[in-house]
J.: 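Here it is, the structure in full.
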Number of protein chains: 2
Amino acid sequence: MFSKSCKYAMRAVLFLALNSSPKKKLGVNQIAEELDVPKHFLAKILQQLSRNLLISSTKGPSGGFFLSEENLNTSLRKVVETIDGPEVFNSCILGLPVCSFENPCPLHFKAIEYRNGLLEVIEGNSIKELAIRVKEKKLTI
Amino acid sequence: MFSKSCKYAMRAVLFLALNSSPKKKLGVNQIAEELDVPKHFLAKILQQLSRNLLISSTKGPSGGFFLSEENLNTSLRKVVETIDGPEVFNSCILGLPVCSFENPCPLHFKAIEYRNGLLEVIEGNSIKELAIRVKEKKLTI
DNA sequence: AGAATAAAAGACCTTTTTATCTTTTAATGC
DNA sequence: GCATTAAAAGATAAAAAGGTCTTTTATTCT
Ligand code: FES
Ligand code: FES
C-alpha cells in the first residue's frame, strides 16, 4: 500500500504532533532515533514535507522540525499524497490501468471498502485529532 | 499492497482459469498479449507458479500453461503468498516491526478490517469460483 | 563579526524490483 | 531419429526504491 518513505513520513508527523511545538523543535537525530529509522533518509523525507508546508522547520541552533497550529489542522492524507503521489488511493489493487465502478476487477469492491475505511481515518481526522487518539489509546507509532 | 509480479500472477491465473483447460493450453505469448503485460517477465512468474504446483504446464508443440482440476480448487491466496511471501497479510501497514492487537498502530484496526475483507475474497473462494464470478459479473482481469 | 548549530540541498551508492534476451530441456508429430 | 515447438533456466540489464555522505545555507548566541 504505502512506500517505506510514506510510512516513515506518517510516523514522523505523528511523532512531531505528539512531541514538538513551535517552542520545542526536534532535530532529525532525535526523531530518527525514537522511530528507529535511518536518519539521513528521514531527513530527506522531512525536507520534502517541509517544502510542501506540511511540517515546519527552522535552521540553526535551537532549530529543528515542529508542527505549527496550521500543520496540526491538516489531514494525514496530504502527507501520504505528498510522498506517494495522488494516485495511491485511486489505483486498482490488481494493477489494471483504471479502477472504476464500470470496469471493476475481482477485488474492486472489497478494495474500495478498505480504501474508504483507511481514508475515513486519515482524512476524517486532523493530525491533531489523530495524535490525541494515539495518546489516549496508547497506540504505537 | 501487492507487488507487480503478484498482480500479474493473479490476473494470469484467473485468465488461465477462464480460458484454458488440460486440453486447451495457452502459451505465454497469448497470455501476455491478452493481459498486456511484458511477456518474458510473465514467463518467469508462470514458471515460479508452475514449480510450486499452482499452475500446470507442458513443454513442446501443443504445450503451454493450464490449470488442472486440482489447481482450480486451490485458493488465490496461495498464488499471492508464493509470489509475495507469507507476510503480505500479516505486516503492519505503517511498517512497525510487528502488527498486533496488543501494540496496534493508528491504522491497525481499519487495516485489519481491509485485509480480512480481501482475504474473504481470495481465500474464501476457490480459483474456480472466482473465475465463475468474473464471468457472471463481467469483471475485468 | 565569528563560532556553532541544524536544516537544505545535492551527489552518490546499494538493494530490490521489473524487464529482456539467450540457451537449454522436454514434448510432439512426422 | 529429426525437426519443430514451447516451457525452463540462466544471465544481464534497466529502473525504482531505499539509504548514506558531503557541502551549503540560514540562524542563533557570544
Ligand atoms: S478495478 Fe481493481 S480495485 Fe478497482
Ligand atoms: S500494527 Fe499497524 S497494521 Fe497492525
J.: For the pair made of NE2 in B/H40 and P in D/dA15, what is the distance, rounded to whole Å?
T.: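 Distance check: B/H40 NE2 to D/dA15 P gives 17 Å.
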J.: Test your reading of the model: is there a side-chain donor-acceptor pair from A/K25 to the backbone of A/S57, 3.5 Å cut-off?
T.: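 No.
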J.: It should be established whether A/S57 places a side-chain nitrogen or oxygen under 4.0 Å from OP1 or OP2 of nucleotide C/dA8.
T.: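 Yes, such a contact exists.
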J.: Please check the phosphate of D/dA17 (OP1 and OP2 only) for any side-chain N or O of A/S5 closer than 4.0 Å.
T.: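 Answer is no, no contact under 4.0 Å.
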J.: For A/L46, is there any backbone N or O sitting under 3.5 Å from a side-chain donor or acceptor partner on A/S50?
T.: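 No, the answer is negative, given that no donor and acceptor are paired below the 3.5 Å cut-off.
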J.: Quick check against the 3.5 Å criterion: does A/N103 have a side-chain atom that pairs as donor or acceptor with the backbone of B/L139?
T.: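 No: the side chain of A/N103 does not pair with the backbone of B/L139.
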J.: With sequence neighbours excluded, what pairs up with A/E81 under the side chain to side chain donor-acceptor pair (under 3.5 Å) test?
T.: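 Checked A/E81 against side chain to side chain donor-acceptor pair (under 3.5 Å); matches are A/R77.
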J.: Just compare C/dA4, C/dC21, C/dT18 and give me whichever is closest to any side-chain atom of B/K4.
T.: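 Between C/dA4, C/dC21, C/dT18, the one nearest the side chain of B/K4 would be C/dT18.
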J.: Rounded to whole Å, please give me the gap between CZ in A/F65 and C1' in D/dT27.
T.: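 After rounding, the reported distance stands at 14 Å.
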J.: To the nearest Å, how far apart are B/N29 CG and C/dC21 P?
T.: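 Those two atoms, CG and P, are 13 Å apart.
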J.: Could you state the atom-to-atom distance from CD1 of B/I83 to P of C/dA19 in whole Å?
T.: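 Computing the B/I83:CD1 to C/dA19:P distance gives 14 Å.
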J.: What is the separation between atom CG on A/L49 and atom P on C/dA9, rounded to the nearest whole Å?
T.: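 Answer to the nearest Å: 13 Å.
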J.: Both A/S62 and A/R51 contact DNA chain C. Taking the nearest nucleotide for each, which residue is further toward the 5' end?
T.: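 Nearest-nucleotide comparison on DNA chain C picks A/S62.
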J.: Using whole Å, report how far CG of A/D36 lies from C1' of D/dG18.
T.: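 Spelled out: CG on A/D36 to C1' on D/dG18 is 15 Å.
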J.: If you check the B/P38 side chain, which of D/dG18, D/dT20, C/dA19 turns out closest?
T.: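 Selected nucleotide: C/dA19.
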J.: With no hydrogens and no angle check, is any side-chain donor or acceptor of A/N90 less than 3.5 Å from a backbone partner on A/P86?
T.: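 No, A/N90 side chain to A/P86 backbone: no donor-acceptor pair under 3.5 Å.
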J.: Is the phosphate of D/dG19 approached by A/Y8 (side-chain N or O, under 4.0 Å from OP1 or OP2)?
T.: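 Yes, because at least one side-chain N or O of A/Y8 sits under 4.0 Å from OP1 or OP2 of D/dG19.
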J.: Run the numbers on B/S56 and B/N71 for side chain to side chain donor-acceptor pair (under 3.5 Å), then give the verdict.
T.: CA-CA 8 Å; B/S56 308; B/N71 295 151; 2.5 Å; yes
J.: Under 4.0 Å from any atom of DNA chain D, heavy atoms only: list the residues of residues 16-28 of chain B that qualify, in numerical order.
T.: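 Those residues are B/L26, B/G27, B/V28.
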J.: Round to a whole Å and report the spacing from CZ of A/F41 to P of C/dT14.
T.: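 Roughly 16 Å, once rounded to whole Å.
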J.: Has A/R133 got a side-chain atom pairing as donor or acceptor with A/N125's backbone, closer than 3.5 angstrom?
T.: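 Between the backbone of A/N125 and the side chain of A/R133 there is no qualifying donor-acceptor contact (under 3.5 Å).
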J.: Between the side-chain atoms of A/Q47 and the base atoms of C/dA8, is any donor-acceptor pair under 3.5 Å?
T.: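 Counting by modelled atom types and ignoring angles, a donor-acceptor contact under 3.5 Å is found here.
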J.: Between the base of D/dG10 and the side chain of B/K44, is there a donor and acceptor pair under 3.5 angstrom?
T.: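 Such a pair exists between side chain and base.
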J.: How long is the line joining CD1 of A/I45 and P of D/dG18, in whole Å?
T.: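 Distance check: A/I45 CD1 to D/dG18 P gives 9 Å.
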J.: Is there a donor on the side chain of B/K59 or the base of C/dT25 sitting less than 3.5 Å from an acceptor on the other?
T.: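 When only heavy-atom distances are counted, B/K59 does reach the base of C/dT25 through a donor-acceptor pair under 3.5 Å.
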